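It should be emphasised that the depicted structure is a prediction, and the values quoted were computed from it without experimental measurement. Note that these values count all heavy atoms, side chains included, but never hydrogens, waters or copies made by symmetry.
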Amino acid sequence: PTSRKTAQKGRRAGAPSPEAVLVASKRIALRPRARRLLEYLETHPNRYVSGDELLNALWPGVAVTPHVVASLVSVIRAALRDAKSPCRIETKYGQGYRLTVPALDASTTPDPKGDARTALDRAAPTSPPMIGRDRELETLLDTWQAARAGPARVALLRGEPGVGKSTLMRTFAARASRDPSWVVLNGRCETTIGTREPFQPLLDMLRTLEERLGTGELAAILRRCAPTVLLQLPHLCSADEVRDLDHALAGSESRRIRDEWLRAWTELATQLPLLLIVEDLHAADPSTLDFVHTVATKRIDAPILLVATHRKLEAAALVPEIQELRRCVDANELDIGIDLEPWTAAEISAYLGLRFATDFGGRFVSELDDQTRGNPLLVAGVLDVMVREHTLHQEDGAWHCRALPELALSAMAKEIRQLLAHQLALLEDADRKLLEAAAVLGNSFFAADVAAVAGVPEPVASERLDD
């Protein structure tokens with residue numbers, strides 16, 4: 001089959017690829033089965049299509065399991081993101097998949113939710129640069145170099161939302177990418193509606209690696225040492241092979257699937273050392289979390305560094321397994337755990353100097369530190385509001401301050417509250433009631449407790465909260 005690179009080259013030359021589908025004015029390059037699935041969803045837009053309907057429509061009379069559909073949907077999602085398509089595929093537990101296709105061009109058409117989205121755009125902070133993370137970066141680079149000789153190592157990076165985990169990862173990945181002897185692969189755990197796809201970030205990594213190794217070579221490696229992984233990437237093999245694998249591997253235990261993932265990465269690392277970056281582990285599916293834990297506890301003799309990031313609060317309250325993983329990492333001298341702390345006042349001052357080339361004085365820095373608690377994303381957001389509201393303004397080439405950051409933070413919070421109020425107004429009464437019950441319980445809660453507070457059956461509360 002035509003590779004993604006070939007399809008992209010064809011589009012650049014102006015000739016439509018035989019494996020590209022036009023969706024919402026964007027050409028999406030896909031292999032035949034994924035393309036047929038996307039085309040089917042496109043002919044049934046804005047409604048949920050069940051897995052059974054897709055199986056009957058695309059593989060009539062062929063024994064194909066639902067996880068093949070889930071894998072193809074993951075491929076399509078990645079292709080939509082690569083093409084910067086406005087379309088999205090949503091998953092809803094018990095109902096299936098829905099392709100959301102914008103009906104009109106938002107750049108030229110009034111948006112009925114314009115006020116709320118304008119507020120969101122205004123409130124969105126500028127992504128701050130990496131400041132004050134030299135020690136953490138050097139620790140990661142040292143661990144990365146040590147992993148070259150094996151065995152595999154794990155690094156866990158945790159911190160509150162907005163503290164700069166993704167910024168540090170981008171910088172680290174860019175530094176590591178300078179060494180052509182390493183393969184740097186990135187996968188993000190995404191919070192989706194309904195059931196999360198097993199091994200989703202690892203599958204995304206393999207799709208990226210496919211472009212480097214080629215479809216045939218990657219398929220041969222997986223066919224030899226990890227057939228259950230190959231089955232999760234059905235576009236790598238023929239329909240007959242998918243059917244045969246599905247029959248032969250039916251009922252495979254989760255332990256076998258996990259162990260074959262380990263063998264797959266071990267085999268791939270014999271060709272080139274691997275840096276695997278898994279972002280937002282707090283949103284990981286259980287299979288991915290189990291894989292990372294196994295890498296940390298079952299020492300693999302291969303040049304692999306696996307770096308995973310996660311939020312501190314979510315890990316403590318919602319994913320106790322990550323706490324156990326962190327304990328394992330801290331107890332192993334080969335692995336490292338890094339806590340990313342908020343900016344100090346000196347680092348906030350450095351950011352101000354970098355952005356404005358102006359000394360606003362110690363009181364301004366102290367107030368900004370107090371209001372944001374040093375969170376880099378909040379620091380940038382407050383300054384964005386101040387610039388927009390002209391409390392920070394440029395005159396004769398210099399920046400001047402008319403007010404302290406407290407007012408800007410209040411203005412940003414007001415806009416966010418307006419946006420949230422608008423989004424809450426769009427919910428059904430039953431869903432608002434569940435959210436109110438959850439708010440009473442705090443940052444973490446069980447569906448059973450929400451059901452008790454809201455006065456609804458637990459299965460109903462569980463399903464609505466998932467949605």
Side-chain angles (χ1 to χ4, degrees), residues 46-54 65-67 69-70 73-74 77 88-100 113 116 120 158 160-162 188-201 254 279-293 308-327 413 416-467:
N46 300 315
R47 80 165 177 88
Y48 288 101
V49 180
S50 71
D52 287 342
E53 179 179 341
L54 289 170
T65 58
H67 74 255
V69 174
V73 168
S74 183
R77 282 177 175 149
R88 294 292 182 268
I89 296 181
E90 299 175 354
T91 307
K92 189 168 186 180
Y93 180 76
Q95 295 193 32
Y97 304 94
R98 178 174 70 176
L99 178 68
T100 59
K113 302 176 184 176
L120 177 61
R158 70 180 174 188
E160 64 186 48
R188 183 181 297 276
C189 305
E190 297 182 357
T191 303
T192 59
I193 299 174
T195 305
R196 290 168 291 183
E197 297 176 24
F199 303 104
Q200 175 254 322
S254 58
E279 295 197 61
D280 295 339
L281 193 64
H282 53 271
D285 61 273
S287 298
T288 297
L289 194 55
D290 182 48
F291 172 83
V292 175
H293 189 273
T309 71
H310 65 84
R311 294 177 179 174
K312 186 178 296 185
L313 292 179
E314 281 85 345
L318 302 180
V319 191
E321 292 87 349
I322 294 182
Q323 290 182 294
E324 175 60 26
L325 173 61
R326 180 60 184 257
R327 284 192 287 269
I416 294 174
R417 283 197 298 270
Q418 290 173 344
L419 175 65
L420 291 176
H422 177 83
Q423 291 176 327
L424 288 172
L426 299 177
L427 294 176
E428 298 177 3
D429 289 341
D431 290 335
R432 276 200 301 275
K433 186 176 181 181
L434 286 175
L435 282 179
E436 290 169 358
V440 170
L441 294 169
N443 289 332
S444 63
F445 49 80
F446 293 101
D449 295 331
V450 174
V453 173
V456 300
E458 181 180 346
V460 172
S462 180
E463 182 174 349
R464 299 304 299 175
L465 288 170
D466 283 342
D467 292 343

Taking atom types as modelled and ignoring hydrogens, do the side chains of D285 and T288 form a donor-acceptor contact shorter than 3.5 angstrom? yes

Rounded to the nearest 0.5 Å, what's the gap from CG on D280 to NE2 on H310? Could you check? 11.0 Å

In Å, rounded to the nearest 0.5 Å, how long is the span from CZ of R188 to CD of E279? 4.0 Å

Closest approach of E321 to L289 (non-hydrogen atoms, all atoms of both residues): CB-CD2, 3.5 Å

A side-chain contact here means heavy atoms from C-beta on lying under 4.5 Å apart; do L281 and V292 qualify? yes

Any Lys/Arg nitrogen of R327 or E324 sitting under 4.0 Å from an Asp/Glu carboxylate oxygen of the other? yes

Euclidean distance, Y97 OH relative to R77 CZ, rounded to 0.5 Å: 7.0 Å

State whether the side chain of T100 and the backbone N or O of R88 hold a donor-acceptor pair below 3.5 Å, judged by distance alone. yes

Might you point out which heavy atoms bring K433 and A454 nearest each other, and give the distance in Å? CE-O, 2.9 Å

Rounded to the nearest 0.5 Å, the CG atom of D290 sits from the CZ atom of F199 at a distance of 7.0 Å

Are the side chains of R158 and R311 in touch, meaning some heavy atoms are under 4.5 Å apart? no

What pair of heavy atoms forms the shortest contact from V453 to A437, and how long is it? CG1-CB, 3.6 Å

